[in-house]
2 protein chains.
Amino acid sequence: MTPLLRILLVDDHTLFRSGLKALLQRQADLEVIGEAADGLEGVKKAEQLKPDIVLLDLDMPVMNGRDALAQMLVSQPELAVLMLTVSEDGEDLAECMKTGARGYLLKNINADFLLDSIRRAVDGDSVLSPEMTAKLVARLRTPIPVAPQSELDSLTPRERETLSHLARGGSNKEIARALDLAESTVKVHVQNILRKLGISSRVQAAVYAVEHGLEKL
Amino acid sequence: MTPLLRILLVDDHTLFRSGLKALLQRQADLEVIGEAADGLEGVKKAEQLKPDIVLLDLDMPVMNGRDALAQMLVSQPELAVLMLTVSEDGEDLAECMKTGARGYLLKNINADFLLDSIRRAVDGDSVLSPEMTAKLVARLRTPIPVAPQSELDSLTPRERETLSHLARGGSNKEIARALDLAESTVKVHVQNILRKLGISSRVQAAVYAVEHGLEKL
DNA sequence: TCGGCAATCCGCCAAAAGGAGGAGGCGTTA
DNA sequence: TAACGCCTCCTCCTTTTGGCGGATTGCCGA
């Protein structure tokens, strides 16, 4: 016999979960082992129950599906997660698949397609709603323009220099040595960087620097 | 009744065409109106016969499927063309879909999937073999190869989770709140992360996380 | 010439991080 | 059973940060 596939349902609509559960339980090889009504609860249940697959809604209170997905994959990178949502947004799709969702299904799919998708996802395949396949292909045709130059220009040259050293992990004292400054001066620069970037810790500043290709300066 | 879907088969294997034709003709709503054994011939027939959909092989003499696809779309931009091939190469897939193929199917698919795909493609949907969906998604993820696992898998799940929060700029206290832990526990995790990654500050850890695509997790 | 700004420093303070040790629980594996 | 790794938490300690408040110099443009 085929091993039982243990399923976790995460969706904030109780009725939707109930219906889905009834539908899935009719299959001999499927078992719903848990439910959650928001992302945070979903992450916890995924951790506790170690399901074979998670059906995850996108739009939920407390923690949305995207973040929940990310959290689940941190502790269980091989977990099969199928997004099950109403969002036909190509951005949502791309984000989820990039993050590592095993599939992205719209709630308008029929039962057979869902069942088939569940089994395929557990086997390691990626599955998409037909409509979303088209969106993904469209994305392929228009890569992504992106080129945001930003509040980075509001930084003074010295501040940028300080930031680049900061992003390499130096302490204020080390940065001061490297730039031949007093530590107090470096602290002032760091303060200004934080204020201008609207953040509150040097760690965030470092991440910002890396994401803007500033760490190599 | 549903209108007849007029199909053109382009494949250099005669036997494959025969079999496919027999299969398709069994469907009341499908009709094979023409065949071609190479890309050039395929382009001509597509021009003459104005089919609703073309099933097009990739590897063919005289003119390959990619070029034939491009040619067909010049004169009939709205023509539905399904690539039907043995190539599981992600490059082939991406090229064909960029050029404008309506779908990319491997020859190992079953009949039902093919019939379903034909009807969906004519309706304007994009269709992919399940295996190729995974390849496309993988392409989406390429910016972050994730591949260089390295020291990263020396981290325990909890440490990875801690690291991902750290990379978002959270203080130990905030991470503790997020993970529902004591701050002291988070400090232990951070210490272990620093030791395992061979670095000496949380800033470096955050940078490492970002460069390894772990910050969104 | 004056105001603004970048850049350089001070001191002070509370909070956070880094580092070392120990310790109990829990599950897997030898 | 014992050993091991992981997770959890603790204390005690030093160093680093973040966040104030100043201050001085020099440059540039209105």
Side-chain angles (χ1 to χ4, degrees), chain A residues 43-50 71-79 151-209 214 217, chain B residues 149 151-209 214 217:
Chain A
V43 171
K44 284 183 184 163
K45 293 245 171 149
E47 191 101 24
Q48 294 161 6
L49 303 173
K50 306 285 180 194
Q71 284 299 313
M72 289 177 188
L73 291 179
V74 171
S75 47
Q76 301 172 76
E78 295 307 311
L79 180 61
E151 60 272 79
L152 210 158
D153 329 288
S154 73
L155 297 186
T156 67
R158 212 51 168 159
E159 284 161 359
R160 274 196 288 272
E161 208 170 351
T162 303
L163 178 53
S164 110
H165 279 87
L166 192 162
R168 291 207 276 278
S171 67
N172 290 337
K173 195 175 293 182
E174 288 169 333
I175 297 172
R177 241 199 318 274
L179 298 181
D180 194 27
L181 290 175
E183 186 185 345
S184 58
T185 306
V186 175
K187 289 185 72 173
V188 172
H189 287 320
V190 172
Q191 292 278 344
N192 289 335
I193 291 168
L194 297 186
R195 184 174 40 74
K196 289 183 180 178
L197 297 185
I199 55 184
S200 56
S201 84
R202 61 170 44 230
V203 173
Q204 289 165 4
V207 170
Y208 178 95
L214 207 63
L217 295 185
Chain B
Q149 287 299 52
E151 315 98 312
L152 211 158
D153 36 39
S154 73
L155 297 185
T156 67
R158 214 52 169 159
E159 286 161 359
R160 274 196 292 272
E161 211 167 349
T162 302
L163 178 53
S164 103
H165 279 88
L166 192 163
R168 290 208 279 279
S171 67
N172 290 337
K173 195 175 294 183
E174 287 168 334
I175 297 172
R177 246 200 312 277
L179 298 182
D180 194 26
L181 291 175
E183 185 186 348
S184 58
T185 304
V186 174
K187 289 185 77 170
V188 172
H189 286 319
V190 172
Q191 292 278 345
N192 289 334
I193 291 168
L194 297 185
R195 185 175 39 76
K196 288 183 180 179
L197 297 185
I199 55 184
S200 56
S201 83
R202 61 170 40 228
V203 174
Q204 289 166 6
V207 170
Y208 178 96
L214 206 63
L217 300 188

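- The side chain of A/L194 approaches D/dG19 more closely than any other nucleotide in the set D/dT8, D/dG19, C/dT8.
- A salt bridge is absent between A/K44 and A/E47: the closest approach of a Lys/Arg side-chain nitrogen to an acidic carboxylate oxygen does not fall below 4.0 angstrom.
- The B/K173 side chain lies nearest to C/dA16 when the options are C/dA16, D/dC7, C/dT8.
- The nearest whole Å value for the distance from the CG atom in B/L163 to the P atom in C/dA17 is 14 Å.
- Of the listed nucleotides (C/dA7, D/dT17, C/dG18), D/dT17 has the atom at the smallest distance from the side chain of A/K187.
- Comparing atom distances between the B/S184 side chain and each of C/dC9, D/dC9, C/dA17 picks out D/dC9 as nearest.
- A straight line from CD of B/Q191 to P of D/dC9 spans 16 Å, rounded to a whole angstrom.
- Comparing C/dA7, C/dA16, D/dT8 against the side chain of A/P157 picks out C/dA7 as the nearest.
- Contacts of A/N172 with the nucleic acid, taken as non-hydrogen atoms under 4.0 Å apart, involve only primed sugar atoms and P, OP1 or OP2.
- Residue A/R202 contributes atom CZ, which lies 15 Å from atom P of C/dA16 at whole-angstrom precision.
- Atom CG of B/L155 and atom C1' of D/dG5 are 14 Å apart (whole Å).
- Nucleic acid contact for A/V190: sugar-phosphate only, since backbone atoms but no base atoms lie under 4.0 Å from a heavy atom of the residue.
- In terms of heavy-atom proximity, B/I175 sits nearest to B/G170 at CD1-O, 3.8 Å.
- Counting only heavy atoms from C-beta outward, the side chains of A/R158 and A/V188 never approach each other to under 4.5 Å.
- For B/T185, counting side-chain heavy atoms from C-beta on, the closest listed nucleotide (C/dC10, D/dT8, C/dT8) is D/dT8.
- We find that NE2 of B/H189 is positioned 15 Å from P of C/dA17, with the value rounded to whole Å.
- Of the candidates D/dC7, D/dC9, D/dT17, D/dC7 carries the atom nearest the B/T156 side chain, counting heavy atoms from C-beta on.
- Closest to the A/R158 side chain, of the nucleotides D/dG19, D/dC10, C/dA7, is C/dA7.
- Atom C1' of nucleotide C/dA7 and atom CD of A/E159 are separated by 9 Å, given to the nearest angstrom.
- Remark: P of D/dG19 and CD1 of A/I199 are 10 Å apart, rounded to the nearest angstrom.
- At least one side-chain heavy atom of A/N192 sits less than 4.5 Å from a side-chain heavy atom of A/R195.
- Take the nearest nucleotide of DNA chain D for B/D180 and for A/E183: the residue whose nucleotide is more 5' is B/D180.
- At most 12 heavy atoms of other shown residues, nucleotides or ligands fall within 6.0 angstrom of atom CD in A/E78.
- Atom CD in B/E174 sits roughly 9 Å away from atom P in C/dA16 (whole-Å rounding).
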